[in-house]
Engineer: 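Okay, here's the structure, questions in a sec.
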Amino acid sequence: MTGTQRASDTVHIIGGGLAGSEAAWQAAAAGVRVVLHEMRPTRMTEAHRTDQLAELVCSNSLRSDDAANNAVGLLHAEMRRLGSLIMRAADANQVPAGGALAVDREGFSAAVTRALAEHPLIEIQRGEIAGLPRADWGNVIVATGPLTSAPLAAAIRELTDETALAFFDAIAPIVHKDSIDMSVAWFQSRYDKVGPGGTGADYINCPLTKDQYDAFVDALIAGEKTDFKEWETNTPYFDGCLPIEVMAERGRETLRHGPMKPVGLTNAHDPSIKPYAVVQLRQDNKLGTLYNMVGFQTKLKYGPQQGIFRTIPGLSNAEFARLGGLHRNTFLNSPKLLDTQLRLRAEPRLRFAGQMTGCEGYVESASIGLIAGLYAAADARAKPLAPPPATTALGALLGHITGGHIETIEPGSRSFQPMNINFGLFPPLAHPPTKKPDGSRLRGNEKTAAKKQAISARALSDLDRWIADNLRIAAAA
Ligand SMILES: Cc1cc2nc3c(=O)[nH]c(=O)nc-3n(C[C@H](O)[C@H](O)[C@H](O)COP(=O)(O)OP(=O)(O)OC[C@H]3O[C@@H](n4cnc5c(N)ncnc54)[C@H](O)[C@@H]3O)c2cc1C
């Protein structure tokens with residue numbers, strides 16, 4: 001280090017996956033020196049097969065590319081406007097996949113690896129960071145993903161606390177509130193308990209008769225499930241997070257005494273009839289647009305999940321922002337641990353990016369790598385960067401990770417769980433569209449589509465303004 005160089009002038013990025021690769025590209029594009037540390041091929045994960053950067057470990061799809069009607073398509077569009085390397089490599093290696101952006105996986109990873117290796121400000125070092133990053137690295141991004149190597153995970157766990165880093169996600173489905181039929185469901189907390197920060201009517205309750213409950217239990221047991229991978233079965237997970245179908249298999253009444261217990265609840269639409277079982281949904285985000293199905297983590301395949309959950313009274317037209325799952329995954333309790341710029345509150349030289357922060361998926365992980373790279377570059381240049389607007393896909397996802405989620409009040413499994421980008425994370429429109437261009441009223445699916453298109457248009461115009469106000473000026477300075 002020269003006399004004028006500071007420890008934070010160089011950004012050290014740990015993990016050359018989707019997030020780390022994008023972060024390296026963004027920081028270097030902003031004129032900052034980067035050292036990218038990737039442990040493969042010296043040490044492999046259970047899922048990676050190559051030594052290439054940004055390897056896609058499973059599907060070769062980056063999902064929908066429809067920026068007007070799909071939230072992940074909108075995130076693609078925003079990332080392209082921000083000069084994303086992941087999007088550039090994906091576009092250059094696209095294979096036919098209808099409305100989805102699918103890629104030739106070898107060509108894609110090779111393009112990312114080549115671009116990073118050829119960048120004059122980026123040095124790639126192969127080798128595991130087997131503990132906390134060196135103390136003299138002042139500006140670090142940890143982007144080691146769902147399969148973070150054990151010594152680094154243990155060191156992070158020690159630095160935070162033992163409940164702050166999870167090794168398994170236990171995802172309950174999340175439903176868009178406006179798709180729940182409130183002529184069947186009702187708001188009430190069990191025994192009308194107010195609790196800390198509650199109102200006594202915090203949950204949405206869906207009632208089942210005995211026949212409906214029996215049919216539901218049969219469907220859960222018969223439904224097709226995904227298997228745990230062999231290496232996942234060695235990871236301990238807690239009895240508090242049992243999949244609902246496993247509970248159903250343990251006995252016909254188990255769910256009725258567990259997450260579907262009807263006690264302390266009165267059907268507001270028909271107080272004279274006691275429900276045989278009740279499914280409860282709890283507010284999941286501060287905006288109040290998303291509700292999660294309490295205790296409904298599951299290994300059912302996505303198709304059967306939708307079909308079975310829509311048999312629950314009140315959820316027949318439910319739109320799912322996220323379906324349930326249970327996977328090996330290393331991720332932080334980010335809303336508590338990270339500041340708005342993704343820095344660990346307990347040790348701000350460490351910034352986190354990618355799936356470790358609690359986003360889910362290739363594109364989301366890369367997008368959080370992108371903003372982490374910009375923030376790290378801003379720190380290195382001592383030029384603060386304003387946060388992306390909450391109305392953009394990037395800002396909405398970042399907001400969810402660093403504070404938009406509502407912590408559960410019950411003991412048991414942790415409530416912050418990984419999330420894909422979806423329209424429920426965006427602030428509602430001040431004036432949602434109500435009419436078509438010809439003046440006739442919008443209804444049903446047309447109304448939903450018009451709302452999504454208006455959210456997307458608002459996002460892209462707000463992003464352009466943010467880029468003009470912050471990044472062009474920053475690049476010129
Ligand atoms: C089995 C499996 C299947 C998946 N399937 C899909 C799918 O089909 N579609 C989808 O969108 N998402 C899928 N995901 C999620 C996907 O992995 C992530 O969304 C995405 O890859 C996360 O990006 P990331 O950069 O955070 O982590 P990764 O892409 O995993 O990158 C992390 C990198 O850090 C490196 N690393 C780890 N520890 C260290 C260390 N101590 N020192 C140095 N380097 C280290 C790893 O080798 C890796 O290259 C899957 C995940 C798993 C585990």
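Remember, it's 1-based here, ligands and their atoms both numbered in the order they're listed.
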Engineer: Just how far is it from atom CZ of Phe309 to atom CZ of Phe216, taken to the nearest 0.5 Å?
Structural biologist: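 That separation rounds to 5.5 Å.
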Engineer: Which value, rounded to the nearest 0.5 Å, describes the distance between Ile141 atom CD1 and Leu36 atom CG?
Structural biologist: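 Reported to 0.5 Å precision, the distance equals 10.0 Å.
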Engineer: With a 4.5 Å limit on heavy-atom distance, are the side chains of Arg250 and Leu242 in contact?
Structural biologist: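 Yes; the side chains approach each other to less than 4.5 Å.
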Engineer: Which of the atoms in ligand 1, numbered in the order shown and given with their element, are less than 4.0 Å from a heavy-atom of Ser59?
Structural biologist: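 Those of ligand 1 that fall under 4.0 Å from Ser59 are 8 (O).
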Engineer: Counting only heavy atoms, tell me which of Thr50, Val57, Ile14, Val72 gets closest to atom 50 (C) of ligand 1.
Structural biologist: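 Nearest option to atom 50 (C) of ligand 1, by heavy atoms: Val57.
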Engineer: Provide the number and element of each atom of ligand 1 under 4.0 Å from a heavy atom of Gly354.
Structural biologist: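 Matching atoms, with element in brackets: 26 (O).
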Engineer: Tell me if the NZ atom of Lys299 is crowded by more than 12 foreign heavy atoms within 6.0 Å.
Structural biologist: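 Yes - once you tally the heavy atoms of other residues, nucleotides and ligands closer than 6.0 Å, there are more than 12.
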Engineer: Which ligand 1 atoms are under 4.0 Å away from a heavy-atom of Ala19?
Structural biologist: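 Those qualifying, in numeric order: 25 (O).
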Engineer: Determine the sole option in Asn139, Val11, Leu374 for which the side chain to side chain contact (heavy atoms under 4.5 Å, CB included) test with Asp379 is passed.
Structural biologist: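 For Asp379, the side chain to side chain contact (heavy atoms under 4.5 Å, CB included) test succeeds with only one of Asn139, Val11, Leu374, which is Asn139.
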Engineer: Could you tell me whether Ser21 approaches ligand 1 through its side chain, its backbone, both or neither, with non-hydrogen atoms closer than 4.0 Å?
Structural biologist: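 The answer is neither.
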Engineer: Enumerate the atoms of ligand 1 whose separation from the nearest heavy atom of Glu128 is less than 4.0 angstrom.
Structural biologist: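 Heavy-atom distances to Glu128 below 4.0 Å select 41 (N), 42 (N).
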Engineer: Does any N or O of ligand 1 fall below 3.5 Å from an N or O anywhere on Gly361, backbone included?
Structural biologist: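 Yes, at least one N or O pair falls under 3.5 Å.
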Engineer: Can an N or O of Leu152 be found at a distance shorter than 3.5 Å from an N or O of ligand 1?
Structural biologist: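 So ligand 1 has no N or O lying under 3.5 Å from an N or O of Leu152.
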Engineer: State, to 0.1 Å, how close Arg40 and Thr50 come at their nearest heavy-atom pair, and which atoms those are.
Structural biologist: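 Minimum heavy-atom separation between Arg40 and Thr50: NH1-O, 2.8 Å.
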Engineer: Nearest heavy-atom pair of Gly361 and Arg63: which atoms, and what distance?
Structural biologist: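 Heavy atoms only, the tightest pair is CA-NH1, 4.4 Å.
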Engineer: Would you indicate whether Glu224, at its atom CD, is surrounded by more than 12 heavy atoms from other residues, nucleotides or ligands within a distance under 6.0 Å?
Structural biologist: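 For Glu224, atom CD is not crowded (no more than 12 foreign heavy atoms under 6.0 Å).
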Engineer: Is there a nitrogen or oxygen of Gln355 sitting under 3.5 Å from a nitrogen or oxygen of ligand 1?
Structural biologist: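 Gln355 vs ligand 1: N/O contact under 3.5 Å present.
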Engineer: Looking only at the side chains, is there a donor atom on one of Thr298 and Gln305 sitting less than 3.5 Å from an acceptor on the other?
Structural biologist: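 The answer is no; no qualifying pair exists.
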Engineer: With a 4.0 Å heavy-atom cut-off (strictly under), which part of Val363 contacts ligand 1: side chain, backbone, both or neither?
Structural biologist: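 No part of Val363 is near ligand 1 at this cut-off.
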Engineer: Which residue from Thr144, Ile368, Thr330 reaches closest to atom 39 (C) of ligand 1 through any of its heavy atoms?
Structural biologist: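 Result: the heavy atom closest to atom 39 (C) of ligand 1 is in Thr144.
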Engineer: Looking only at non-hydrogen atoms, which of Ala47, Ser149, Cys58 approaches atom 3 (C) of ligand 1 most closely?
Structural biologist: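 Answer by nearest heavy atom: Cys58.
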Engineer: Would you say Arg40 and ligand 1 have an N/O pair spaced under 3.5 Å apart?
Structural biologist: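 It does: an N or O of Arg40 is found under 3.5 Å from an N or O of ligand 1.
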Engineer: Numbering the atoms of ligand 1 from 1, which are under 4.0 Å from a heavy atom of His48?
Structural biologist: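 So the atoms of ligand 1 that pass are 30 (O), 48 (C), 49 (O).
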Engineer: Could you report the tightest heavy-atom contact between Ala380 and Val32, atom names first, then the distance?
Structural biologist: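 Taking Ala380 first and Val32 second, the nearest heavy atoms are CB-CG1, 3.7 Å.
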Engineer: Quick one: which ligand 1 atoms are inside 4.0 Å of a heavy atom on Leu18?
Structural biologist: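 Taking each heavy atom of Leu18 in turn, ligand 1 has 21 (O), 23 (O), 25 (O), 29 (O) under 4.0 Å.
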Engineer: Taking both backbone and side-chain atoms of Tyr362, is any N or O found less than 3.5 Å from an N or O belonging to ligand 1?
Structural biologist: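 Between Tyr362 and ligand 1 (N or O atoms, distance only) the closest approach is under 3.5 Å.
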Engineer: Does ligand 1 come near enough to Thr148 that some N or O of the ligand is less than 3.5 Å from an N or O of the residue?
Structural biologist: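 Thr148 vs ligand 1: no N/O contact under 3.5 Å.
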Engineer: When you look at CD of Glu347, are more than 12 heavy atoms from neighbouring residues, nucleotides or ligands closer to it than 6.0 Å?
Structural biologist: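 Yes.
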Engineer: Go through ligand 1 atom by atom and flag the ones less than 4.0 Å from a non-hydrogen atom of Pro146.
Structural biologist: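 So the atoms of ligand 1 that pass are 17 (O), 27 (O), 30 (O).
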